[in-house]
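I have placed the structure first, in the form of structure tokens, so that the comments after it can refer back to it.
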Amino acid sequence: MDELVNVVDWSRLQFALTAIVHWLFVPLTIGLSLIVGIMETVYYRTRNEKWRRITKFWMTLFGINFACGVATGLILEFEFGTNWSNYSWFVGDIFGAPLAIEGIVAFFLESTFIAVMFFGWKRVSPRFHLAATWLTAVGVMLSALWILVANAWMQYPAGMEFDPDQMRNVMVSFSDVVFSPVAINKFFHTVLSGWVLGAVFVVGVSCWLLVRKRNREFALKSIKVAGGVGLAGIILTIWTGDGSAVQVAKYQPMKLAAMEGLYSGQEGQSLVAFGIVNTDKRPLDDKKALYAEISIPKGLSLLARHDLDAFVPGIDDLIRGYAVNEAGDTVYKDVSYARRIEMGRDAQTALYDYGVAREAGDSTAMDSSLRIVKENFRYFGYGYLSAPEDAVPPVALSFYSFRVMVMAGGYLLLFFFVVAWASWRRKVNLLDNKWFCALGLLTIPVVWICSEAGWILAEVGRQPWTIEGLLPVNAAISSISAGSVQTTFWIFVVIFTALLAAEISIMVRHIRRKAESDLFYGPEK
Amino acid sequence: MSTISQLPHRIIRFYADGFRSMTIGRKLWAVIIIKLIVIFGILKLFFFPDLLASRYDNDADRADAVRESLTRRAITR
């Protein structure tokens with residue numbers, strides 16, 4: 001058992017490390033591809049040479065980031081096959097199809113048009129070059145779409161049927177998988193957050209140019225574009241974030257309860273603005289969940305259900321499968337977690353019996369077992385849990401990552417209001433202020449922390465599941481030793497650190513070198 | 001016809017000229033190539049085998065292995 005816990009924990013840690021590093025590069029690629037597209041469009045329409053120079057500068061930074069980030073996602077796929085082989089098999093073509101499409105799209109669209117973007121300035125017409133730049137941006141976003149479809153399916157498995165002969169889920173509706181409400185919302189929320197990140201990067205680097213008192217016009221023009229993209233991006237990200245909250249409340253209520261540290265829900269449930277999680281608190285005990293709590297009245301009901309008086313179930317309510325209000329009315333009712341565990345175990349036993357009957361060629365027993373599997377399959381994964389409490393995600397990490405994301409997002413909204421106002425209303429005095437420029441530069445790490453916190457919330461909040469309700473991490477894991485995972489974990493630490501250092505070094509040196517010259521009239525090479 | 005037959009040659013020249021004129025791009029290609037060698041030549045080869053593909057010959061055996069793994073608790077319960 002200890003060995004299993006070890007393997008699960010190390011494999012999760014390794015996957016988290018790889019995903020976090022991969023996600024350092026991806027949103028910047030998404031955001032910069034759009035911003036470069038807008039800049040080149042301005043150049044195409046005005047034929048102003050300055051805009052061509054601006055486009056080329058940010059395009060090169062896009063290229064550096066793309067080159068350093070490319071293929072880091074492949075390692076995640078290796079980990080599926082080695083560390084998570086049960087999971088890889090169980091998800092079947094549902095996960096494989098979007099990833100295969102992503103690979104094809106990424107390879108053909110991005111690699112073809114990126115080459116035109118970088119090599120084609122003097123070789124193709126301006127119109128064709130602009131099309132290549134936009135198609136690269138579209139390719140980048142389409143790549144993200146397929147990955148996010150696969151991830152959304154893990155949060156909300158739809159459009160599939162379990163095949164007990166193949167022991168895997170089979171896609172029965174491609175459109176249900178691709179157009180599931182979770183997939184659509186996740187795609188927009190994630191891609192839009194990439195716009196924000198790209199915009200912060202452009203504003204931050206431009207602020208650095210302003211602090212250095214070089215290339216002022218270049219920096220101001222860049223900020224003008226990034227300010228608009230950032231403001232639009234953050235408003236839309238918050239809007240789609242609201243959509244995410246509604247979906248989490250609907251499809252993953254335990255995740256919502258954990259990210260709020262909510263154990264006993266109420267009608268007109270408040271939203272915690274600030275609080276310290278009591279890590280000794282366990283489900284169904286009487287201990288206090290949060291210390292120093294400051295709440296917004298009825299905020300969670302509004303956020304989760306768009307209804308000020310709606311009931312939002314807490315962890316204890318979900319485990320019990322019901323909740324009663326002060327008047328004695330039942331305000332929530334669902335299958336209790338103890339019952340889900342029983343049903344999951346019935347499905348697993350029936351699945352085993354199905355295998356035995358199949359080997360014996362007993363079709364009557366096969367039919368009987370299959371009926372039980374199908375009846376209980378919805379709660380298949382609960383059969384792996386020892387107790388209902390095992391279905392509760394890590395509350396503290398979910399709670400804090402949510403607040404980091406929201407607070408950083410709120411700051412970014414304010415930041416882009418000011419940046420957009422200053423750049424578009426020509427209040428350039430503010431942008432020439434060295435303290436404001438320092439703030440712009442310091443916002444670069446903030447947006448990355450915000451973005452990573454969002455993913456930590458999404459993935460940690462889904463625990464203990466790899467696939468919500470169907471397969472927990474302790475069943476998804478391969479039969480491998482913890483030692484082998486530890487070895488590769490430390491190899492990754494070394495590789496990723498080197499890679500990150502290489503990227504930051506190449507990018508910073510490129511920016512510094514370029515900033516020494518006149519970015520409008522200096523030599524282009 | 002001649003335009004179509006020249007297309008592969010033009011594409012090759014497009015890429016060759018592009019690579020030749022790169023400055024920072026050479027450093028980036030070095031990063032990409034080193035990374036791909038590490039990922040495919042070392043990590044994939046020595047540390048990340050596809051367990052089910054390497055241990056079992058066909059999909060039926062793989063399905064049985066996963067069934068055994070996922071229903072083991074049902075047997076021992």
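In what follows, every chain begins at residue 1, and chains take the letters A, B, ... in the order their sequences are listed. All values derive from a computational prediction rather than experimental measurement.
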Search all heavy atoms of [X] against all heavy atoms of [Y] and return the closest pair with its distance.
X	Y	answer
B:Leu28	A:Ala67	CB-CB, 3.8 Å
A:Ser85	B:Leu52	O-CD1, 3.6 Å
A:Val116	B:Phe14	CA-CZ, 3.8 Å

Heavy-atom distances under 4.5 Å only: say whether [X] touches chain B with side chain, backbone, both or neither.
X	value
A:Phe118	neither
A:Phe80	neither
A:Leu351	both
A:Ile75	side chain
A:Thr60	side chain
A:Thr488	side chain
A:Glu79	both
A:Asp165	backbone

**Neighbour count above 12 (heavy atom, 6.0 Å) for A:Arg512 CZ** =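 Incorrect, the count does not exceed 12.
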**Prompt:** Does A:Ile64 reach the side chain of B:Val31, with side-chain heavy atoms less than 4.5 Å apart?
**Reply:**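 When only atoms from C-beta onward are counted, B:Val31 and A:Ile64 do not touch, as no gap falls below 4.5 Å.
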**Request:** Indicate yes or no: at least one non-hydrogen side-chain atom of B:Arg55 is less than 4.5 angstrom from one of A:Ser478.
**Result:**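 The answer is no; the side chains never approach within 4.5 Å.
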Quick one: [atom1] on [X] to [atom2] on [Y], what's the gap to the nearest 0.5 Å?
X	Y	atom1	atom2	result
B:Arg62	A:Arg168	CZ	CZ	9.0 Å
B:Arg72	A:Tyr384	CZ	OH	10.0 Å
A:Ser479	B:Glu68	OG	CD	8.5 Å
A:Met167	B:Thr71	CE	OG1	6.5 Å

**Largest heavy-atom contact set with chain A, pairs under 4.5 Å, which of B:Asp64, B:Ile34, B:Ile11, B:Leu43** =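 Ranked by heavy-atom pairs under 4.5 Å with chain A, first place is B:Leu43.
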Chain A contact via [X] - side chain, backbone, both or neither, heavy atoms under 4.5 Å:
X	value
B:Leu36	side chain
B:Val38	side chain
B:Lys35	side chain

**Message:** Tell me whether the rings of B:Phe48 and A:Phe492 are parallel (<30°), tilted (30 to 60°) or perpendicular (>60°).
**Reply:**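 Correct class here is parallel.
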**Request:** Could you go through the side-chain contact (heavy atoms from CB on, under 4.5 Å) check for A:Phe66 and B:Ile32 one step at a time?
**Result:** CA-CA 10 Å; A:Phe66 187 86; B:Ile32 292 172; over 6 Å; no
**Asked** Please walk me through it: do A:Ile495 and B:Ile39 pass side-chain contact (heavy atoms from CB on, under 4.5 Å)?
**Response** CA-CA 10 Å; A:Ile495 290 174; B:Ile39 289 175; over 6 Å; no
**Item:** Under 3.5 Å donor-acceptor, B:Arg67 side chain and A:Pro164 backbone
**Value:**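 Yes; judged by distance alone, with no hydrogens or angles, the pair exists.
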